[in-house]
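Here's the structure we're looking at; comments come further down.
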Amino acid sequence: MAEVIKRGYLSVKEDGLRSWIWSKRYFILRDQALTLHKNEQSSQCVAAILLRDVTQVTRTDLKPYCFEIATKDKTFYVSCKSDQELYTWMDEIYNRSSVGASGPTNFVHEVHVGFDAVTGAFTGLPDQWTQLLKGSAITAEDAAKNPQAVLDVLEFYTEQTKREAEEEYASMPPRHQRPAPPRDIQPRAAPHRPAPPPPPSPLSPSRQRDMNQMMDDMSLRSPPLSSPYSPRSPYSPPNEPLPRLPSQVREERNHGKPGYPRMEPSRSHGPVSPTSPRTPTRSNSSYQTDERSALYDRERRERERRLREKEKERMMREREKAAAQMSVGTPPPKKKVEQRISTLTEAQVMDKLRSVVNRGDPNTSYKRIKRVGQGASGSVYVAASLTSNAKVAIKQMDLAQQPRKELIVNEILVMKESQHPNIVNFLDAYLVRNSELWVIMEYMEGGALTDVIDNNSMTEQQIAVVCRETIAGLHHLHQQNIIHRDIKSDNILLDFYGHVKISDFGFCAKLSDQKRKRATMVGTPYWMAPEVVKQTQYGEKVDCWSMGILTIEMIEGEPPYLDEEPLKALYLIATNGTPTLKHPERLSRELKSFLAVCLCVDVRSRASTEELLEHEFLKKAGPLESMAPLLKFKNQKH
Ligand SMILES: Nc1ncnc2c1ncn2[C@@H]1O[C@H](COP(=O)(O)OP(=O)(O)OP(=O)(O)O)[C@@H](O)[C@H]1O
């Protein structure tokens, strides 16, 4: 007999003839079936539902904590005693049903939200969403244009913030040592999401025609008149000032936004060196010839470094605040926390970690020289190997401070198993005093591509080098069924010789044969593919979309919508489709074609890494030495 996953008494009634009768039944859930029994002693069931036949698991309003399980033939209404009980049953059933295995991950929670086209307002929105919407830059016109997209991004945003809070909670001391968190982080019923639109029709017109259309969209067609979001109109006169704010203004604007660390461009924890976050690109020659401008730039960088530090402090404060807020109210359902974070318990994660680390003392093998970077999970040092004197990078993390230890284990495992010339190679890992983790990796003295972008204007030849190298690394990951999920310039590092390598593997996902698609939301929103924002299923091609956004960063200095308030940016990603370029007329046909195949909203038309490697734009790539002028700035420092 298959293992019992969950059991317990619940009230149930069936749709149909006996639809008014609620009966108390003993439910037994196994991997493939849910059976209903008169009581716990009775082995004979009064009803059985094969999970593969389940077509929907939905919350309903019939009773306060009620959900329905629909099959092709029948609907069962199940009443629980609490939200927690309801969600755990729904989760377990849903995950094993045909919809859970292949469909969208979110349940349909029937809190009925309406949109009044006359007043331009939503009705029935949960308070939290109303507040979020009020504080966002999403206008009534946006809502009228695409109310579903607004609901999608609100749900996305709250899910993400809730997850962060749950993770903070999970990283706190054991429950008996802490008071309970506020009701606020209880899972909430999300508003009713209408059925997803039917999948786009197969690519009957040839794919090449799609590509041509995409290129038209990006460079030739005028922006839709109804869209107020076309600051990057291809028709902008070439000399028109770029519609950007100075980066410090942007950072100030982003302060005080509802906590969502990954929503902020992660300039906040860049290297310690006084390099700038996003700033309007300046040419190399202007740095060399204009002393006053150099002075200005130094001051600006210093100011921006301080802002970055402040931003980091703010994030830390927010984390603490989130942890403190958890100390009142009722605890979140443990099940939810575990399920979202990992299927492994904390002890299992630590066991796994111990199995991949070196037990020795790293100080006998490496001597730390200085700190070169600060990440959310710890500091990065350059160090010298005491045996070979070679330089290495050490990422040092205090495990007690890590809300998501399994991400670190993930990162180590991916780095260990994915050695490749375009991946920052893992050398070793040490667990020091059972509380500190040291990850030893190749030292990339050129730093992050973000700094290169901020301090230079890149030629197409150089852009093509970064694309070629990054795609080669991504292709290697994809061949192992690994999706990176956080491709952006901050996670592309360069070494002294101009080698380009992918780093930061915490968010990587391994696709199994059973699960070729994922639906969890991770990554940094500005670089996210529309299918991720809309929370539909996605596969490795999300990295190809991010590759397109990374290319726009190299061309324009920043990803699309970076100046937008986070919720609005999500809305724009979900609704605008392929972003428009500021100055397409300045780009070669090959580069525009490359962007078009990366930034294809229809995933089936989007190029794979294999196809991208063959793209004509990459043929423009120069040798690695062509990156040297970009590294000058860094090389002088080391
Ligand atoms: N191998 C390396 N060589 C040189 N510098 C590095 C290396 N790895 C990281 N850095 C620098 O250290 C900084 C922090 O790196 P880290 O990977 O910790 O950043 P993060 O991804 O922002 O944080 P986290 O992974 O903790 O969320 C980076 O901005 C990068 O410039």
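As the structure lists them, so they are numbered: ligands from 1, and atoms in each ligand from 1.
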task: Pick one of side chain, backbone, both or neither for how L493 approaches ligand 1, counting any non-hydrogen atom pair under 4.0 Å.
output: side chain
- prompt: Does E442 approach ligand 1 within less than 4.0 angstrom via side chain, backbone, both or neither, non-hydrogen atoms only?
  reply: backbone
message: For Q461, is the CD atom crowded, meaning more than 12 foreign heavy atoms sit under 6.0 Å from it?
response: yes
- prompt: Going by the angle between their ring planes, with limits at 30° and 60°, are F617 and F594 parallel, tilted or perpendicular?
  reply: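 F617 and F594: tilted rings.
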Just distances here: any N/O of [X] and N/O of ligand 1 closer than 3.5 Å?
X	answer
M444	yes
Q374	no
Y443	no
S377	yes

message: Assess the residue pair Q479 and H420 against the criterion (side-chain contact (heavy atoms from CB on, under 4.5 Å)); give the C-alpha distance rounded to whole Å, side-chain angles, the decisive distance to 0.1 Å, and a yes or no.
response: CA-CA 12 Å; Q479 277 185 318; H420 184 271; over 6 Å; no
task: Kindly indicate whether a cation-pi arrangement holds for R371 with Y381, taking the cut-offs as under 6.0 Å to the six-membered ring centre and within 45° of the axis.
output: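 Verdict for Y381: no cation-pi partner in R371.
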message: Please state which option from Q396, M441, K395, K501 has its nearest heavy atom closest to atom 17 (O) of ligand 1.
response: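 Heavy atom nearest to atom 17 (O) of ligand 1 belongs to K395.
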Which of the numbered atoms in ligand 1 are under 4.0 angstrom from any heavy atom belonging to [X]?
X	answer
A393	1 (N), 2 (C), 3 (N)
D504	20 (P), 21 (O), 25 (O)
G375	14 (C), 18 (O), 19 (O), 20 (P), 22 (O), 23 (O), 26 (O)

message: If you apply the rule salt bridge (Lys or Arg N to Asp or Glu O under 4.0 Å), what do you find for E442 with K501, and how did you get there?
response: CA-CA 10 Å; E442 290 182 272; K501 306 195 181 204; 2.8 Å; yes
- prompt: Any side-chain heavy atom of H499 within less than 4.5 Å of one from P421?
  reply: no
field: Charged N-O contact under 4.0 Å between E531 and R606
entry: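 Result for this pair is yes, salt bridge flagged.
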